[in-house]
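We use all heavy atoms of the structure for the numbers below, so side chains are in, but hydrogens, waters and symmetry mates are not. Both counts, for ligands and for their atoms, begin at 1 and track the order of listing.
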Amino acid sequence: MHVTHLSLADFRSYSRIEVPLEAGVTAFVGPNGQGKTNLVEAVGYLATLGSHRVSSDAPLVRMGAERAVVRAQVRQGDRQQLVELELNPGRANRARINRSTQVRPRDVLGIVRTVLFAPEDLALVKGDPGERRRFLDELITARSPRMAGVRSDYDRVLKQRNTLLKSAALARRHGGRSMDMSTLDVWDQHLARAGAELLAQRLDLIATIQPLADKAYEQLAPGGGPVALEYKPSAPSEAHTREDLFEQLMAALAEARKQEIERGVTLVGPHRDDLMLKLGQLPAKGYASHGESWSYALALRLASYDLLRAEGNEPVLVLDDVFAELDSRRRERLAELVAPGEQVLVTAAVDDDVPHVLSGVRFAVSEGTVERV
Ligand SMILES: Nc1ncnc2c1ncn2[C@@H]1O[C@H](COP(=O)(O)OP(=O)(O)O)[C@@H](O)[C@H]1O
Ligand SMILES: [Mg+2]
């Protein structure tokens with residue numbers, strides 16, 4: 001698929017902007033702080049309902065404005081669709097498809113698909129487990145948009161279960177009446193149900209993406225691998241069927257319960273898991289060099305692209321300011337790998353940062369104006 005038109009209202013630094021787009025490569029070039037990333041961040045938001053830079057919506061709304069609107073005309077084969085999201089920080093966001101009546105924001109997932117490369121990706125390798133969980137879960141949702149519902153169920157149940165555990169912990173400390181455990185049993189069931197589904201998808205994704213990541217790493221840094229992705233669950237999860245994973249989670253919750261009541265927080269489940277990224281025999285985190293970590297992060301994104309493309313609807317590739325970070329060899333390799341993409345959106349501070357194979361349409365971005373050059 002590709003985006004043929006992007007409109008923003010009160011999104012980030014833009015009060016209003018209309019950007020016509022084409023298939024193929026488009027580069028947004030301009031000095032720092034002019035609004036290049038803001039444009040591609042909006043495209044990414046339509047695909048994931050989140051930003052690659054911030055975890056809440058508030059900074060996405062133009063300072064002083066109440067809400068932001070992101071709208072994109074999307075073409076997939078012969079099909080045209082218009083998707084629109086209204087961001088209302090502190091209140092529910094709204095969504096529309098083809099100017100129809102409202103749908104839930106998560107109903108637009110799958111219309112715009114992106115694989116976004118950004119300097120922030122280094123955190124995939126060097127950062128906390130949460131970064132890697134988000135990587136997995138966003139990709140799971142891109143593969144299968146209904147997983148957005150499972151993720152939000154899981155988050156909701158987890159929050160409620162934690163509230164319950166917290167009050168149990170407080171009651172215990174202050175010698176209050178002990179809690180009715182049957183309530184907790186019910187929450188265990190809900191948590192394990194959604195958790196097992198998420199876990200099954202993560203394990204399947206890792207098995208599928210592993211050879212793709214290894215191939216991508218070899219292309220970016222020949223002879224530097226191999227890379228291996230190893231899931232590190234907080235509860236044992238050898239089995240891969242959803243029913244087995246459910247049983248294992250239930251058993252792990254039962255075992256952890258005493259400790260959970262002491263600490264007032266849920267200690268097992270997908271929200272506590274990690275993905276270990278191995279380079280050769282060692283974990284990349286803590287061992288890989290800066291350059292290796294970069295290659296690893298890029299390999300994960302390239303693998304995501306291969307996967308989504310192989311499974312049908314080709315995503316938009318977004319490369320936000322990544323070429324300036326790379327040495328010339330990796331820069332050329334990455335450029336060659338992404339160049340054939342159906343739509344590639346690149347941002348760069350100067351023309352020279354855009355590799356030659358990525359020649360295409362150029363826009364100059366300056367003080368909030370976006371002009372084709
Ligand atoms: N919510 C907002 N309201 C107004 N301006 C914003 C908002 N968020 C970011 N900006 C401005 O956008 C600019 C950064 O834009 P960005 O797209 O990140 O720049 P770059 O061209 O370097 O990628 C900064 O000047 C910042 O002050
Ligand atoms: Mg930027």
(request) Could you pull out every protein residue that has a heavy atom closer than 4.0 Å to ligand 1, ordered by chain and then number? (result)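 The answer is Arg12, Ser13, Pro31, Asn32, Gly33, Gln34, Gly35, Lys36, Thr37, Asn38, Arg53, Pro59, Val61, Arg62, Met63, counting any residue whose heavy atom sits under 4.0 Å from ligand 1.
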(message) Applying a strict under-4.5 Å side-chain criterion to I, L, V, M, F, W and Y, I'd like to know whether Leu85 and Val103 cluster together.
(response)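 Both belong to a single hydrophobic cluster.
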(message) With 2.8 Å as the limit, count the protein N, O or S atoms near the Mg ion (ligand 2).
(response)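 That number is 1, waters not included.
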(request) Please confirm whether Arg242 makes a cation-pi placement over Phe246, using NZ or CZ under 6.0 Å from the six-membered ring centre and within 45° of the ring normal. (result)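 No, cation not above the ring by the 6.0 Å, 45° rule.
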(message) Do Arg202 and Tyr231 form a cation-pi contact, if we require the NZ or CZ to be under 6.0 Å from the six-membered ring centre and within 45 degrees of the ring's axis?
(response)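 Cation-pi check for Arg202 and Tyr231: fails.
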(message) Is it true that Arg106 and Ser152 share a donor-acceptor pair across their side chains at a distance under 3.5 Å?
(response)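 There is such a pair (donor and acceptor under 3.5 Å, judged by atom type) between the side chains of Ser152 and Arg106.
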(message) Can you tell whether the side chains of Glu22 and Arg372 come within less than 4.0 Å, N to carboxylate O?
(response)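 Yes, Glu22 and Arg372 are salt-bridged.
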Looking at [X], I want to see if its [atom1] is surrounded by more than 12 non-hydrogen atoms of other residues, nucleotides or ligands under 6.0 Å.
{"X": "Arg146", "atom1": "CZ", "result": "yes"}
{"X": "Glu255", "atom1": "CD", "result": "no"}
{"X": "Glu247", "atom1": "CD", "result": "yes"}

(request) Describe, in one word, how the ring planes of Phe28 and Phe363 are oriented to each other, choosing from parallel (under 30°), tilted (30 to 60°) and perpendicular (over 60°). (result)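 Judged by the thresholds at 30° and 60°, the geometry between Phe28 and Phe363 is parallel.
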